[in-house]
Amino acid sequence: MNELAAKYSAKEVEDKWYAWWLAHKCFHSEPNEKQPYTIVIPPPNVTGILHMGHVLNNTLNDVLIRKARMDGKNACWVPGTDHASIATESKVVAKLKAQGISKEDIGREEFLRHAWEWKEEHGGIILEQLRKLGCSCDWDRTRFTMEPELSEAVINTFVYFYKKGWIYKGVRMVNWDPVALTAVSDDEVIHKDTKSHFYHLRYFISDGNGKPTDKFLVIATTRPETIMADAAICVNPKDERHFWLKGKKVLIPLINREIPVIEDDYVEMDFGTGCLKVTPAHDVHDYEIGLRHSLPVLEIIDDHGKLNEKAEILVGEDRFVARKKIVKMLEEAGNLVKVEDYTSPVGYSERTDAVIEPKLSAQWFLKMETLAKMALETVESGRTKFIPEKYMNTYRHWMENARDWCISRQLWWGQRIPAYYLPDGSYVVEPTAEAALKAAQAINPSIKAEDLRQDEDVLDTWFSSWLWPISVFDPQKPGHPDHRPNKDLSYYYPTNDLVTGPDIIFFWVARMIMAGEEFMGREPFSNVYFTGIVRDKIGRKMSKTLGNSPNPLDLIQTYGADAVRIGMLLCSSAGNDIFYDEAQIKQGAAFCNKIWNSYRLVKGFSVDPSAKQAPAAAEAVEWFRAKLSDTVALVEDHYSKFRISDALMTIYKLFWDDYCSWYLEAIKPAFVDGVAQPLDKDTHAATLEFFEALLKLIHPVMPFITEELWQDIAERREGETIMFASTPKADCNNPGAIAGFALASEAVNAVRGVRSQRNISPREQLVLKVKASDFPCIPVIEKLANVKLELVNTLGGEQGVGIMVRTTEMFVVLSSSVNVEEELAKAEKDLEYAQKFLAGVRAKLSNERFTANAPAAVIENERKKEADSLSKIESLEAKIKQLKNSK
RNA sequence: GGGCGGUUAGCUCAGCUGGUUCAGAGCACCUGCCUUACAAGCAGGGGGUCACUGGUUCGAAUCCAGUACCGCCCACCA
């Protein structure tokens, strides 16, 4: 790189360096004597493509991992993908459907062949995309949750918990889609307010022999077609209106089956009639009441949504047809009291838009009690910290109310549950079919392999991803508490930080903590940083259907990965949603260009080894060294609190404002006859040193441009990279230099203000009189404000403008006449403000209760304010007097 | 309905255990500049009753209570 273009072009640079890093194995980590710093990627769906949420998440991960690497740690970022059973299976189902094939037609094995094909074709695209973003993952360690070793870990874990007695088979209501003939997850159910009717039905009290008396009660229902499945009528035990029903039995209309009246707190007294018909087989809540009162469960609706023979009447009718017909029958039988219009939320299947039918089915569960307790303790004890902390509340609430985890899914894509059924319906749970056969033969020696039938269901995807921080290093460990962890696991576990979204705090984060505690005896990570959701400019969630999500690869193509990375991070604080606006990326691109051009300037400096250092340069160097050090300390502090965007903004301002606008302008050599004068060697060396420090500071966020410039700024050894250069240290403490320069820069700003107001060109040199015996950084002021500075005892006489820099009076001498009226008005306004301010301060100081109660430092400060404003008032008054005289 | 969080400049946010001249930052905006690194730039500037109402305090953006609105999670009432 010799001549630098005036504009930074990211494209060429980024591909070049990513390939170089890979070729030099810069991302690969092996256990060594250094301190490890580990992150496991939140595995994206294997067939997913990169969206803005991934960009945010993985940029944060990459910033943390690159920072750790430069801090001298052995940084390891393990990448990989998740098999995502539901998402992937439904994609494959859709693809087959387009070809007119249903998964039932081709069967399990054939379907899985298609699914693996799909995975081979689409899987890993997202990992390729992460490379474009600059992610420094250890690609040699790439894992997939359904690869053989990790699947084995999942199966072993299941067997382990089963043998421990924590996994059991139970019955649970699932969301049944009668059109697709499958259970769907809660996420796939859409609740829509739906107009229907509230049918008030009369149930007669039984005389004890199955004959109706003339007494009755009234229930209200939206589903009269289910009355044949009623198991009881339930009232609230506190409801006085229904005391007389205690112990009574009632008759189901039309079929005259006798059912009891029971009492349960669940029933709301002021809703409907206060009487609830309990239908355990077809309603979630009713099922729970049924459990509490040991009610029989009678299923009268089949998988297709039609009434079956257990309904006794209307057999074979569709549930909605049955509803219409039964209403008529009830009316004719005299059981219908009235019909009200009613709107209530009804669940619809996302895939078929069919009304969801709650259906009982056998599922596998993992007991949460002990695991949840352990996982709560991990966070409450602070062994794992949440950032921001507010998520602890949510977490605690969940952990304290954790229900057993339903781990079975009625899908094929995933780890198949290792339960093997014997012909008699009993079952054994073993890691392999062979082991299952042995176990089965121990029960019944005549069992043969073909007699065993493996459970059809697969395990919830989270049942594999909760092992991720363990299994990526040592897949043998989960399910084998006695297994001695291998070298990798011992070294890298526990990992350090996890970056993820708060939406999966329970699904994933909590469960990884459970698995970590159970199998490793300790937390899987020290910190969890929760990002927000990436939204569009006007706050809508990004979604494919809205089309408001940009393709990150297009953005990288247009602006460069560095620009996309810093653009995303500048406005993202932990836990807050990100309102994405392309303007942010443009800001990032502008920053790249600024860095680029500052280097063009620096690179162009020539050096004269015998030249003396200019006073302004000497001051600027001393100041910037101190400023850099202070800023490094501040940045470290931000990082330590995971205030990433603050850390970046701090570096951004240091680079742009302090280094470019102040430092470089202060040391910039003069031009003589159109030729830039050479710099002295001290200034030149310091300038390069500072530039390199800045590159290193910003490298974790902007890896490409920093590598490009870092390689050019000095001769590098073969294979040397900024990736392993060390983070700048805060090793210069010089508050005097910082304070002095700050005061000087205020003076410069004041003079510039005068110029701007009066339209005086920056090129016209002015005289600045300063009423003081000394002032800091005079050469810097003279250079940057383009003034000749004179220290004087008294001011006045010439034409010009007076300015105040804190408590120092200054005067800019002007050749043109000044508008006295304007000056006067401004001075009077300032005076008024100063007097009000003084009055406020004095009111405070004269308040005995203030002086008695406030700490000494605060009072001292008020006294300083008083003195400062007094001196300010004094000089303003003098100025006003003088202005009035000159009128 | 239950729980949690929020409300500070046009936008996105910072402001830690009340007290630095506390009302801030970035972007956007306005004005003037194509000044030998950068117009993706330089210099200057305007802009907020800190949601509302009360309380605690010598002192409140900051602590407390209530109200309004917004967001998220859970349950979505037969």
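Throughout, a chain's letter reflects where its sequence line sits, starting with A, and its residues are numbered from 1. From a predicted model like this one, the values you see are computed outputs, not experimental measurements.
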**Student:** So, is K594(A) near the phosphate of G41(B), with a side-chain N or O under 4.0 Å from OP1 or OP2?
**Tutor:** no
**Student:** Rounded to the nearest Å, what distance is computed from the CG atom of residue N236(A) to the P atom of nucleotide A78(B)?
**Tutor:** 17 Å
**Student:** Taking the nucleotide of RNA chain B with the closest heavy atom to each, which residue, S869(A) or Y266(A), is nearer the 5' end?
**Tutor:**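 Here S869(A) is the residue nearer the 5' end.
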**Student:** Which value, in whole Å, describes the distance between the C1' atoms of nucleotides G6(B) and A51(B)?
**Tutor:**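 The same atom, C1', in both gives a distance of 11 Å.
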**Student:** With a 3.5 Å limit on both atom pairs, tell me what C16(B) is paired to, counting Watson-Crick and G-U wobble, or say none.
**Tutor:** none
**Student:** Using only modelled atom types and a 3.5 angstrom limit, is any donor from either the side chain of E665(A) or the base of A37(B) paired with an acceptor on the other?
**Tutor:** yes
**Student:** Do F386(A) and T394(A) have side chains that approach each other closer than 4.5 Å (heavy atoms only, starting at C-beta)?
**Tutor:**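 Answer no - side chains too far apart.
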**Student:** Rounded off to whole Å, could you give me the CG-to-P distance for the N401(A) and G3(B) pair?
**Tutor:**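 Roughly 12 Å, once rounded to whole Å.
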**Student:** Would you measure the distance from the C1' atom in C38(B) across to the matching atom in G18(B) and give it in whole Å?
**Tutor:** 45 Å
**Student:** Between K277(A) and T226(A), does any side-chain donor sit less than 3.5 Å from a side-chain acceptor?
**Tutor:** yes
**Student:** Would you say C27(B) has OP1 or OP2 under 4.0 Å from some side-chain N or O of Y652(A)?
**Tutor:**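 Yes, within the criterion.
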**Student:** If I pick the P atom on U12(B) and the same atom on G2(B), what distance separates them, to the nearest angstrom?
**Tutor:**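 Result for the P pair: 30 Å, nearest Å.
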**Student:** Can a side chain N or O of W656(A) be found less than 4.0 Å away from OP1 or OP2 on A40(B)?
**Tutor:**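 W656(A) to A40(B) OP1/OP2: no side-chain N or O under 4.0 Å.
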**Student:** Rounded to whole angstrom units, what separation is found between the CD atom of Q757(A) and the P atom of A43(B)?
**Tutor:** 17 Å
**Student:** Between G48(B) and U8(B), how far apart are the two C1' atoms, rounded to whole Å?
**Tutor:**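 Pairwise C1' distance, G48(B) against U8(B), rounds to 8 Å.
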**Student:** On RNA chain B, check which nucleotide each of N597(A) and A583(A) is closest to and give me the residue with the more 5' one.
**Tutor:**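 The 5'-side residue here is A583(A).
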**Student:** Of D657(A), D658(A), T687(A), which is the lone residue that meets side-chain hydrogen bond (donor to acceptor under 3.5 Å, both in side chains) with Y663(A)?
**Tutor:** T687(A)
**Student:** Write down the distance separating the C1' atoms in A14(B) and G26(B), rounded off to the nearest Å.
**Tutor:** 11 Å
**Student:** For E389(A), does the CD atom have more than 12 heavy-atom neighbours from other residues, nucleotides or ligands under 6.0 Å away?
**Tutor:** no
**Student:** Quick one: E582(A) CD to C27(B) P, roughly how many Å, whole number?
**Tutor:** 17 Å
**Student:** Partner of A68(B) by Watson-Crick or G-U wobble geometry, both contacts under 3.5 Å, or none?
**Tutor:** U7(B)
**Student:** Side-chain donor or acceptor of K390(A) under 3.5 Å from a matching atom on the base of C4(B)?
**Tutor:**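 No, the side chain and the base share no sub-3.5 Å donor-acceptor pair.
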**Student:** Strictly by Watson-Crick or wobble contacts shorter than 3.5 Å, is anything paired with A60(B), and which nucleotide is it?
**Tutor:**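 Partner of A60(B): none.
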**Student:** When the P atoms of A40(B) and C27(B) are compared, how many Å lie between them, rounded to an integer?
**Tutor:** 15 Å
**Student:** P atom, G15(B) versus A9(B): distance in rounded Å?
**Tutor:**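 Going atom to atom, P in each nucleotide, I get 15 Å.
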**Student:** May I have the list of side-chain donor-acceptor pairs in residues 670-679 of chain A shorter than 3.5 Å, sequence neighbours left out?
**Tutor:**
none

**Student:** How long is the line joining CZ of F837(A) and C1' of G19(B), in whole Å?
**Tutor:** 13 Å
**Student:** Taking only side-chain nitrogens and oxygens of H282(A), does any of them come within less than 4.0 Å of OP1 or OP2 of A78(B)?
**Tutor:**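 No, H282(A) has no side-chain N/O under 4.0 Å of OP1/OP2 on A78(B).
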**Student:** So, do R202(A) and L336(A) sit near enough that their side-chain heavy atoms are less than 4.5 Å apart?
**Tutor:** no
**Student:** In Watson-Crick or G-U wobble terms, both distances under 3.5 Å, what is the partner of C29(B)?
**Tutor:**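 Here C29(B) is engaged in a pair, and the nucleotide opposite it is G45(B).
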**Student:** Checking base pairs now: Watson-Crick or wobble, both atom distances under 3.5 Å. What partners A23(B)?
**Tutor:**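 With both distances under 3.5 Å required, A23(B) matches none.
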**Student:** If we take the C1' atom in both G59(B) and C42(B), what is their distance in whole Å?
**Tutor:**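 The same atom, C1', in both gives a distance of 43 Å.
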**Student:** Does N393(A) put a side-chain nitrogen or oxygen below 4.0 Å from OP1 or OP2 of G5(B)?
**Tutor:** yes
